[in-house]
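Contents: one structure, followed by commentary.
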Amino acid sequence: KEARDAKNAGKRSFCGNKPAPYVKLKTNKPYGQCPVYTVDPQDLHPCDCDPVKASPCGEDSNCINRMLMFECHPQVCNAVDKCDNMRFQKRAYPEMKVIRVEGRGWGLFANQLIKKGSFVIEYVGELITMEEYRFRMKKNQECKEENYYYLTIDSSRMIDAGPKGNNARFMNHSCDPNCITQKWTVNGDTRVGLFAMKDIPNGAELTFNYQLESVGDVKKPCLCGAANCSGFIGLKPKNEKEEKKKEEKKKQKKKLKAKQRLASEEQQQPKEDQKIWESACFRCHEGGNMIRCDIGACPKVYHLACIGKETFPRGKWTCPWHYCADCGKLAEAWCIHCPNAYCRLHKRE
């Protein structure tokens with residue numbers, strides 16, 4: 001059996017209409033001296049979920065274990081077989097199928113509708129130490145192996161789904177994935193599962209982002225085809241919103257600089273038609289805080305008291321020199337001895 005497994009592990013190329021041979025596993029299998037952790041059920045505390053209610057320890061429950069990303073233990077949970085927080089242990093996977101993907105080898109596809117937040121599949125393979133990982137990676141590079149199936153489980157262990165694993169090994173990388181990895185504690189040990197980030201329709205390919213999850217020293221071109229594709233697996237995907245914000249900021253800065261430059265030029269170049277008001281009141285011929293006439297090129301200014309006002313008017317204001325002092329109609333004649341004006345009817349010599 002070991003000789004057959006070793007032979008299958010060496011065949012990593014795609015062959016015909018079937019994936020390259022590998023040993024199928026249901027749960028992680030430790031290799032060599034790689035540690036596996038367990039817990040005594042007597043040291044665990046049951047959750048407070050009511051086993052009589054529908055879907056105990058389910059998504060809509062307040063199961064403390066589920067909130068802390070711990071699976072319930074079958075010997076401790078009050079719901080026993082009815083518990084909905086044993087998805088890793090029960091391998092509660094939706095229907096999936098492995099299909100050849102043009103230009104990208106094989107891929108894993110949903111065979112039913114998968115709701116957002118649902119458990120999709122556990123990433124299963126050989127549990128190896130970091131020392132064994134470095135040995136295998138060196139061997140892969142010497143053999144010019146292009147496909148890696150390594151995934152970090154904790155600081156001292158890795159999962160290698162290359163020679164042995166389950167259907168999760170066929171999930172391709174995407175810069176816009178529909179699944180995400182989560183680490184759960186199951187019966188005292190860490191397990192890695194893939195969960196739906198959005199509603200996944202029947203027939204859609206199941207993908208996740210390999211960034212910080214899969215390991216490889218050489219950058220591999222990304223073929224996901226997503227709009228935000230980074231170009232290489234492991235690089236941070238492009239964020240369209242951030243890119244748009246940056247472009248908008250650049251445009252705003254350019255507009256602001258153009259406005260500032262134009263304003264500076266206008267200040268430096270005096271306008272020929274720029275209006276200039278007089279410095280003394282037209283009535284009392286003294287300076288101070290005065291109101292200006294806004295009509296045409298009229299340069300006259302007045303004290304509020306000189307024109308019988310207490311507050312400054314809103315909007316544009318026309319001075320009394322443009323209206324008849326007797327009737328208020330538009331003036332046609334102006335006195336050369338006093339600041340009054342008159343219409344045709346009240347015109348005085």
Side-chain angles (χ1 to χ4, degrees), residues 67 116-117 174-178 180 197-199 209 211-212 222 224 226-232 234-349:
M67 292 178 182
K116 180 181 178 180
S174 176
C175 294
D176 185 20
N178 51 25
I180 189 171
M197 297 173 61
K198 60 187 83 171
D199 288 344
N209 192 331
Q211 185 179 3
L212 302 180
C222 180
C224 70
N228 64 333
C229 181
S230 63
F232 292 93
L235 293 183
K236 187 177 179 181
K238 297 176 183 177
N239 189 316
E240 292 185 5
K241 291 184 178 179
E242 289 183 0
E243 292 292 330
K244 286 182 179 179
K245 285 183 179 179
K246 287 180 180 180
E247 289 296 326
E248 288 296 327
K249 285 184 178 179
K250 286 182 180 179
K251 289 181 180 179
Q252 289 177 2
K253 284 183 178 179
K254 286 184 179 179
K255 287 182 179 179
L256 183 60
K257 286 182 178 179
K259 287 181 179 179
Q260 290 176 344
R261 186 172 62 253
L262 183 62
S264 177
E265 291 175 355
E266 288 179 350
Q267 288 178 356
Q268 293 176 1
Q269 297 177 359
K271 296 180 180 178
E272 294 181 359
D273 59 344
Q274 187 174 7
K275 186 174 179 178
I276 300 175
W277 282 274
E278 296 175 351
S279 59
C281 176
F282 187 64
R283 290 279 172 90
C284 67
H285 305 289
E286 293 182 3
N289 189 16
M290 294 172 286
I291 183 173
R292 296 173 173 179
C293 179
D294 293 313
I295 191 169
C298 181
K300 296 176 175 54
V301 293
Y302 301 81
H303 292 114
L304 290 177
C306 292
I307 56 174
K309 292 185 177 292
E310 296 181 355
T311 58
F312 284 89
R314 294 181 179 179
K316 292 185 177 181
W317 177 76
T318 305
C319 73
W321 197 60
H322 300 284
Y323 300 97
C324 178
D326 291 337
C327 66
K329 292 182 180 180
L330 287 174
E332 292 188 6
W334 294 266
C335 182
I336 61 174
H337 302 289
C338 68
N340 292 333
Y342 301 93
C343 64
R344 182 180 299 177
L345 181 64
H346 297 101
K347 179 179 179 181
R348 298 174 185 176
E349 296 183 356

Find the distance between [atom1] ([X]) and [atom2] ([Y]) and round it off to the nearest 0.5 Å.
| X | Y | atom1 | atom2 | result |
| --- | --- | --- | --- | --- |
| Phe312 | Asn289 | CZ | CG | 4.0 Å |
| Cys343 | Asp326 | SG | CG | 7.5 Å |
| Cys293 | Trp321 | SG | CH2 | 9.5 Å |
| Leu304 | Lys309 | CG | NZ | 8.5 Å |

Determine the minimum heavy-atom distance between [X] and [Y], stating which atoms define it.
| X | Y | value |
| --- | --- | --- |
| Met290 | Val301 | SD-CG2, 3.7 Å |
| Arg283 | Cys306 | NH1-O, 3.1 Å |
| Asp294 | Lys316 | OD2-CA, 3.3 Å |

Just so I know, are the side chains of [X] and [Y] near enough to count as touching, which here means a heavy-atom distance under 4.5 Å?
| X | Y | result |
| --- | --- | --- |
| Tyr342 | Cys324 | yes |
| Glu286 | His303 | yes |
| Cys224 | Asp176 | no |
| Ile307 | Phe282 | no |

Does atom CG (Leu256) have a neighbourhood of more than 12 heavy atoms from anything else shown, all under 6.0 Å?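 Atom CG in Leu256 is packed in, count exceeds 12.
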Can you name the residues that form a salt bridge (Lys or Arg N to Asp or Glu O under 4.0 Å) with Lys329, not counting sequence neighbours?
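Partners of Lys329 by the salt bridge (Lys or Arg N to Asp or Glu O under 4.0 Å) criterion come out as none, since no residue qualifies.
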*Kindly write out the residues that satisfy salt bridge (Lys or Arg N to Asp or Glu O under 4.0 Å) with Glu278, not counting sequence neighbours, or none if the list is empty.*
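Here no residue qualifies.
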Ring pair (Phe, Tyr, Trp, His ring centres under 6.0 Å) filter on Trp317, not counting sequence neighbours, yields Tyr302
